[in-house]
Amino acid sequence: MAEQIQTRASGVSLNEQARQEHQLGVGISQSSTSATANTTAGSKTSNPKPRSIVWDHFTKLSLEQTKGEEKAKCHHCKSEFLCNSSSHGTNGMLKHLKRRHKWIFVEKNQSLIGVTEGEEGPGGRKTTVSISYNTEEIRKMLAIFVIEDEMPFSVVEGRGFCQFVNRLEPRFTVPSRRTITRDCYQLFLDEKCKLKEFLKKSCVRACLTTDCWTSIQNISYMCLTTHFIDENWRLQKRILNFSQIDNHKGETIGKEIDRCLREWGIENVFTITVDNASSNDVAISYLRRKLKNWNGLVCEGDYMHMRCAAHILNLIVNDGLKDLNPSIVSIRNAIRYVRSSPQRLQKFKQAAHAEKISSGASLCFDVPTRWNSTYTMLEHAIPFQKAFERLEDEDEGYVTWFKDDRQPSSLDWDNARAFVQFLKLFYEVTLALSGSLHVTANCAFDEIQTINELLVKWSENEVDCVLGTMACNMRNKFDKYWGKIENINPLIYIGIVLDPRYKLEYVNFICDANYEIGTATLLKKKIANTLWQLYNFYIQESHEVSQTSDDSASHEESVITKEGLADMGWLEISNAYATLLKFIAGRKAV
């Protein structure tokens with residue numbers, strides 16, 4: 001060749017080298033004699049080296065492996081190409097790299113176009129972004145993958161996973177399980193610092209929710225969650241703590257919550273929602289004393305203790321299930337038989353097909369601690385009653401299964417059907433009150449009153465004794481927690497008062513309709529006093545904040561009166577609801 005090209009010179013990028021080869025029209029084929037680099041007179045000739053960049057990504061195979069043909073194998077996809085220097089050269093291999101492995105010719109800092117998921121997650125809004133190769137960023141995303149998908153740390157050492165990553169991005173070296181463990185922990189520390197800054201900036205006052213339970217290993221755990229409104233008036237939810245505790249005593253729970261609040265720098269607490277365990281009363285008293293020293297309570301903590309409405313519903317329904325428990329146990333045992341082996345499940349499907357049952361629901365088990373799962377189990381099982389009865393006639397193993405227990409009878413199925421019909425409303429109310437990503441304070445009062453009306457109606461039912469007995473048991477439990485107005489946190493009423501659709505007049509109307517005159521009067525007075533007290537507290541707090549800029553402001557001028565709230569429209573109901581209430585009142589009068 002007339003001119004020698006030194007393609008391995010330092011500082012020349014892969015793209016530049018390919019461009020030079022194309023511009024100069026130089027064939028990349030190898031000659032049998034390699035070029036030599038003459039440095040000084042008398043210097044020795046260097047060993048022959050392939051000149052093309054393809055040899056950074058291909059390896060020549062021995063003639064024994066290729067049966068006498070000159071071939072090279074790609075490092076990335078294991079494809080083989082002929083590479084005879086006189087007849088084939090390296091053009092085919094170079095085209096392969098450009099077509100199948102474009103990343104080779106991408107500059108180190110060059111960006112690619114990628115698509116990322118929005119905050120809504122998969123299925124949400126997607127955006128197109130510019131992405132450049134960054135090893136640290138990829139390791140961070142790998143740690144996020146392990147955390148969000150709850151994968152074991154050893155997943156990064158799996159052969160299939162490593163092959164997938166190598167095919168996706170050959171430049172990235174998959175870290176070991178120890179490295180990814182450190183990355184996950186460092187990500188936790190980084191996110192914790194970010195959350196602290198976010199809470200300091202956006203969390204003016206927090207509402208806490210906590211619960212304790214014991215695992216099957218007899219280890220006690222506690223979880224603490226906070227809800228708050230940020231500066232953009234958006235509801236935020238964050239899990240602050242998930243830790244092991246020594247026991248479920250009230251003082252232990254209170255100290256752990258106190259430690260967690262100090263760790264996160266949270267001083268202003270509005271409410272703490274807990275279940276009805278007596279130990280939580282001790283924990284709330286402990287925290288009230290501590291938070292008073294921080295000046296972080298609203299109205300001296302009078303409304304801090306919020307009992308979990310969903311937990312109370314669970315207690316109410318479980319009391320109603322006592323008399324129906326034998327029927328539920330028999331149906332649960334029948335479901336357990338069907339799901340105990342694939343062969344039995346297949347026989348059950350054949351029985352359902354023979355009975356022409358077209359229900360798309362599948363049989364499921366319930367969780368003893370959650371009544372709504374029992375409701376779901378029975379709701380799915382009821383359409384298959386005839387299939388279970390066919391198994392009783394055709395499957396000897398089904399009959400043997402109930403050697404020590406009784407099979408579900410027609411009475412059991414009737415009880416289950418009545419149970420599902422009656423508790424459908426409770427199931428829907430539980431779902432409504434269990435929402436964590438939307439505000440539920442303004443719907444609790446309505447849901448409680450709806451349940452009260454239903455229990456009163458069904459407890460007076462003399463036609464269906466099963467439903468009547470169940471409703472009476474549930475009403476007794478309802479009265480224990482929600483029957484006496486002194487047992488209800490007034491904030492449940494304030495939530496609906498502040499709802500612009502209802503306001504105070506609507507709440508007063510409901511009180512008159514559902515309580516005796518004396519009780520209704522006391523309740524309305526309690527709600528009004530709570531409203532005045534809360535408003536005056538926030539007025540005073542606002543006055544103290546602004547006092548540095550305006551020392552002449554007078555607290556007496558800021559104290560709200562009943563007439564002041566009326567001027568703001570808090571006592572008046574919207575026209576649409578006023579018309580509806582007048583219509584209802586007219587019908588009641590008739």
Side-chain angles (χ1 to χ4, degrees), residues 116-121 124-125 127 129 134 136-137 140-141 143-144 147-148 183-211 222-243 254-274 287-288 290-301 303-304 306 435-442 491 494-495 498 534-551 553 558:
T116 59
E117 301 283 355
E119 294 181 357
E120 298 85 358
R125 179 180 299 178
T127 57
V129 296
N134 187 314
E136 294 300 323
E137 188 67 23
K140 178 181 177 181
M141 295 307 300
I144 293 176
I147 294 172
E148 289 194 352
D183 289 349
C184 289
Y185 184 68
Q186 185 60 45
L187 181 61
F188 162 75
L189 296 178
D190 295 341
E191 292 298 321
K192 185 175 182 179
C193 292
K194 292 179 182 179
L195 181 55
K196 280 187 176 181
E197 290 297 324
F198 179 69
L199 292 174
K200 183 178 179 181
K201 174 184 176 182
S202 303
C203 181
V204 178
R205 194 169 297 278
C207 293
L208 305 176
T209 302
T210 184
D211 193 14
M222 190 195 78
C223 182
L224 183 65
T225 306
T226 180
H227 293 82
F228 60 94
I229 305 295
D230 63 14
E231 69 273 14
N232 297 318
W233 291 93
R234 294 179 180 175
L235 178 64
Q236 300 287 344
K237 171 192 173 183
R238 296 292 187 274
I239 297 177
L240 299 180
N241 189 33
F242 186 93
S243 61
K255 289 181 178 179
E256 182 64 19
I257 297 176
D258 174 54
R259 183 198 63 80
C260 184
L261 293 179
R262 285 187 282 105
E263 179 182 359
W264 288 96
I266 298 176
E267 297 181 356
N268 297 327
V269 176
F270 189 23
T271 61
I272 301 179
T273 302
V274 293
L287 290 171
R288 185 180 285 113
K290 294 296 182 180
L291 292 173
K292 277 185 178 180
N293 298 333
W294 303 352
N295 295 324
L297 293 177
V298 175
C299 301
E300 300 297 322
Y303 313 114
M304 188 177 71
M306 180 70 70
S436 60
L437 301 180
H438 60 274
V439 178
T440 58
N442 61 323
L491 294 183
I494 300 302
L498 298 180
L534 286 172
Y535 187 82
N536 287 325
F537 170 82
Y538 283 104
I539 285 292
Q540 181 179 359
E541 187 178 63
S542 176
H543 172 77
E544 292 175 354
V545 172
S546 61
Q547 191 172 12
T548 56
S549 59
D550 186 8
D551 294 333
S558 301

J.: Testing the basics here: between R205 and G296, what is the closest heavy-atom pair and its distance to 0.1 Å?
T.: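 That would be NH1-O, 3.1 Å.
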J.: Under the rule for salt bridge (Lys or Arg N to Asp or Glu O under 4.0 Å), what residues qualify as partners of K255, not counting sequence neighbours?
T.: E251
J.: Do Q186 and D190 have side-chain N/O donor and acceptor atoms under 3.5 Å apart?
T.: yes
J.: Between the side chain of D230 and the main-chain N/O of N232, is any donor-acceptor distance below 3.5 Å?
T.: yes
J.: Hey, can you pull the donor-acceptor pairs under 3.5 Å for the side chains in residues 265-272, sequence neighbours left out?
T.:
residue : atom : partner : partner atom : Å
N268    : ND2  : V204    : O            : 3.3

J.: Quick one: do K194 and E191 make a salt bridge, cutoff under 4.0 Å?
T.: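 Answer for the salt bridge query: yes.
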J.: Work out which heavy atom in F228 is nearest to a heavy atom in S202; give both atom names and the distance.
T.: CD1-O, 4.2 Å
J.: Does a sphere of radius 6.0 Å around CZ in F537 hold more than 12 heavy atoms from other residues, nucleotides or ligands, not counting ones at 6.0 Å or beyond?
T.: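 Yes, enclosed.
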J.: Over all heavy atoms of both residues, which pair between G254 and L287 is shortest? Give the atoms and the distance, please.
T.: O-CD2, 3.4 Å
J.: Do you know which two heavy atoms are closest between L187 and A143, and how far apart they sit?
T.: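 What the structure gives for the nearest pair is CD2-CB, 4.2 Å.
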J.: Salt bridge between K140 and E137, side-chain N to carboxylate O under 4.0 Å?
T.: no
J.: Mind checking the CZ-CZ spacing from F198 to R238? Nearest 0.5 Å is all I need.
T.: 5.0 Å
J.: Do we see a donor-acceptor contact under 3.5 Å between the side chains of E263 and N241?
T.: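 Looking only at side-chain atoms, N241 and E263 do not form any donor-acceptor pair under 3.5 Å.
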